[in-house]
Amino acid sequence: MTAVAAASRQPTDWGHPRLAQRLRRRHRSERLFRAIGLSALVVAVGFLALLLGTMLKDGVSGFVQTQARIDTTLDPATLELSADRSPEALASANYLAVYLRDVRESLGQDGVRIASINGWTELRRRVLEDPGLVGQRLTLWVPVRSEVDQYAKGRIDVGADPTLAPIRPEQVRAYARLEAEGRIRKAFNRTFLSAADSTSPESAGIRGAFVGSLLTILVTLALAFPVGVLAAIYLEEFAPKNRWTDLIEVSINNLAAVPSIIFGLLGLAVFLNTMGLPRSAPLVGGMTLALMTLPVIVIAARAAIKAVPPSIREAALGIGASRLQTVFQHVAPLALPGILTGTIIGVARALGETAPLLMVGMRAFIVDAPRGFTDPATVLPVQIFLWSDDVNRGFVEKTSAAILVLLAFLLAINAVAVYLRNRYERKW
Amino acid sequence: MSIDTLARVAQNQRSVDARPLMTARDVHVWYGPKHALKGVSLDITRENVTAFIGPSGCGKSTFLRCFNRMNDTVAGARVEGRIELDGQDIHAPEMDVVQLRARVGMVFQKPNPFPKSIYENVAYGPRIHGLAASQGELDHIVEHSLQRAGLWDEVKDRLQDSGTALSGGQQQRLCIARAIAVDPEVVLMDEPCSALDPIATAKVEELIEELRGRYAIVIVTHNMQQAARVSQKTAFFHLGEMVEYGDTSQIFTNPREARTRDYITGRYG
């Protein structure tokens, strides 16, 4: 029968114009697709460059601080220090009096309009580091007020009507005089990396938010990773496949799509109101984010476990490994790169999350870096949100600078993910 | 004729009245609604290589996987009937499936070494079953198993290389070494040569011949010449039934059933 069919069929004419046209059309659609793909890539890279460019333009100056030089005498009388040199006594001395006096002396009567009012903390820091400084004379670079800093960086245009500018004419004059005297410099902004939040932009830093983020993420990871991976292993390798496990699977997939603010409300209701855990604490923030990250990890881990070829399981079971041994000695190690990648993607998302943390009180104004998991804290994205909302212009560059820090943090985490994936990736 | 061969001939003669190592009685398997195996009974003896032949989907692999309860791992599979190992019901509650699979080893169709070193591949079984008291003993088991699998000379200088870096034929012999390192009583082979080239196939067949007598070997094969070359007993399966079972020579030269004859002469399959 096939012979008959073959005989009745005309030999194909490969040179026929219709076939040639068809071929041209195929090539054309391939070229078109490549062009579209390339332009999509260009658009994506363009937006990324735009984002980074804007942040760098606004943010880099956040890492630079304008400082004024003052000469100060740490006399015990003005410090209101008795003979007691204990850390408590040193910490509660009247540095402000010394500071204000010496700022006037060094920078002139209008010096207090230049130097930051919070500059006295620098005195305290130095004395607590070295109590021997009491009674000594020293030269100190202190931050200038935010508006002066902004002016020095050229971010304030005094314009036609100086009365409308955020900086006052006498400040501009004093700044010009001090700059001519060589009492002004621009230096790396250590305050930004070492301080926590402040109402004055020149004293504000991201250390508090950074430590808060780190503690929060640790809690998230410690909860979500083991629970998520074990749940995935159980569902994939041990659970019977029936209507209940189907229902659980659907629920987990749905949970991954729930808006993050809902998790924040859940955290508020359960962790704060029912369980009475401390408000604003990294512990609660981490637990809330763990709820949010858990489904992501479960889904990623299940996919990674599913991707391990069944032949490996059969091999292990076939020589008498128990199911537990099969899973933990053969399947899990092979699934590990995928599990880690998924986990880090989930954690990176949690790191950038703001909304649920607002609900559990992590938007509080905290002037000290948290020392533990139950101390009040804030996190980087919330700090960015808070600063971006601030009326003080000095916070504009702080916001961008904090975004740069957050991006660097995320980049570091993704680099770890890539490293781990390459490190543990095996072929079979 | 070497002493070894003489001994084997003697063994073959004894096999006639040897007590079966494994017995299967009226075994049925369902995969969901599909009745894949319909009441098969068969004895397996230590001295013989038993071959299962038959067209695709005839139930021969399904039956093989009953002997070490690998069908337990298949979702929706249901096994009925009685299978005994040394007179012990393998489906009895007191039968530990982990121990059963140590006693009834398996080699799979596609070579599936662990993505670990050659040494670890072989050492894994003895280690989880606690068969070696010391590192030295473990080394010995690994060497011995690789020797029995005819792989030692090829890999002795690179035991730490990955098992997956070997050629297909070497991988399959590594899997055989891994199976016999646990010192099983039965070795089940599910089309062990179907992914191998003819030279590797010849090596594995040689190996099967070497291993006969020490282990009861059951081999599923698509290749009838292979069944004729390596086995002493052959079972022919068709559509979930065992059509005929007997001495290999008899099955291939003088089959009783018409379906067997048709299959062997290549009318279908």
Side-chain angles (χ1 to χ4, degrees), chain A residues 1-2 232-250 302-341 420-428, chain B residues 32 64-65 67-76 96-117 120-131 145 162-165 171-172 174-184 187-190 195:
Chain A
M1 192 193 91
T2 48
I233 287 177
Y234 180 78
L235 278 174
E236 224 24 75
E237 299 285 328
F238 294 98
K241 303 273 175 279
N242 58 28
R243 210 167 296 168
W244 286 110
T245 42
D246 283 350
L247 190 72
I248 290 171
E249 179 165 358
V250 170
R302 286 189 70 175
I305 291 167
K306 223 177 257 179
V308 174
S311 65
I312 295 292
R313 291 180 187 83
E314 287 196 325
L317 291 173
I319 50 171
S322 68
R323 285 175 79 176
L324 198 70
Q325 286 169 326
T326 304
V327 169
F328 281 94
Q329 294 170 357
H330 297 284
V331 177
L334 290 173
L336 195 63
I339 294 176
L340 288 177
T341 310
L420 288 175
R421 197 173 53 214
N422 294 341
R423 169 92 174 64
Y424 291 109
E425 197 152 60
R426 287 206 184 92
K427 303 270 176 280
W428 51 74
Chain B
L64 186 77
R65 292 166 66 95
F67 288 102
N68 66 346
R69 287 178 56 185
M70 278 306 269
N71 283 324
D72 289 12
T73 64
V74 180
D96 188 332
V97 70
V98 165
Q99 213 199 1
L100 171 70
R101 290 187 190 140
R103 292 173 67 185
V104 183
M106 192 158 194
V107 176
F108 296 86
Q109 186 170 359
K110 211 179 124 221
N112 55 355
F114 299 129
K116 298 175 191 273
S117 71
E120 278 304 313
N121 263 284
V122 184
Y124 182 70
R127 194 177 279 148
I128 57 170
H129 294 296
L131 300 183
S145 306
S162 173
T164 51
Q171 286 190 15
Q172 194 60 298
L174 178 62
C175 291
I176 294 173
R178 182 177 66 188
I180 61 181
V182 191
D183 198 26
V187 178
L188 308 174
M189 297 185 172
D190 190 357

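In this text the structure is predicted, and so the values were computed from the model without any measurement. Chain A is the first sequence line, chain B the second, and so forth, proteins listed ahead of strands; every chain is numbered from 1.
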Student: Can you tell which part of Val107(B) gets under 4.5 Å to a heavy atom of chain A, answering side chain, backbone, both or neither?
Tutor: neither
Student: Where on Arg127(B) is there a heavy atom nearer than 4.5 Å to chain A: the side chain, the backbone, both, or neither?
Tutor: neither
Student: Please list, in residue-number order, every residue in residues 314-327 of chain A that has a heavy atom less than 4.5 Å from any heavy atom of chain B; write 'none' if there are none.
Tutor: Glu314(A), Ala315(A), Ala316(A), Leu317(A), Gly318(A), Ile319(A), Gly320(A), Ala321(A), Ser322(A), Gln325(A)
Student: Measuring only between side-chain heavy atoms, which start at C-beta, is Thr73(B) closer than 4.5 Å to Pro310(A)?
Tutor: no
Student: Counting heavy-atom pairs closer than 4.5 Å to chain A, which one of Gln99(B), Met106(B), His129(B) comes out on top?
Tutor: His129(B)
Student: Please state whether the side chain, the backbone, both or neither of Arg178(B) comes within less than 4.5 Å of a heavy atom of chain A.
Tutor: both
Student: If you look at every heavy atom in Ser311(A) and Asn112(B), which pair is closest and at what distance?
Tutor: O-ND2, 2.9 Å
Student: Can you sort out the partners of His330(A) under ring-ring contact (aromatic ring centres under 6.0 Å, His included), two or more places apart, ordered by chain and number?
Tutor: Phe114(B), Tyr124(B)
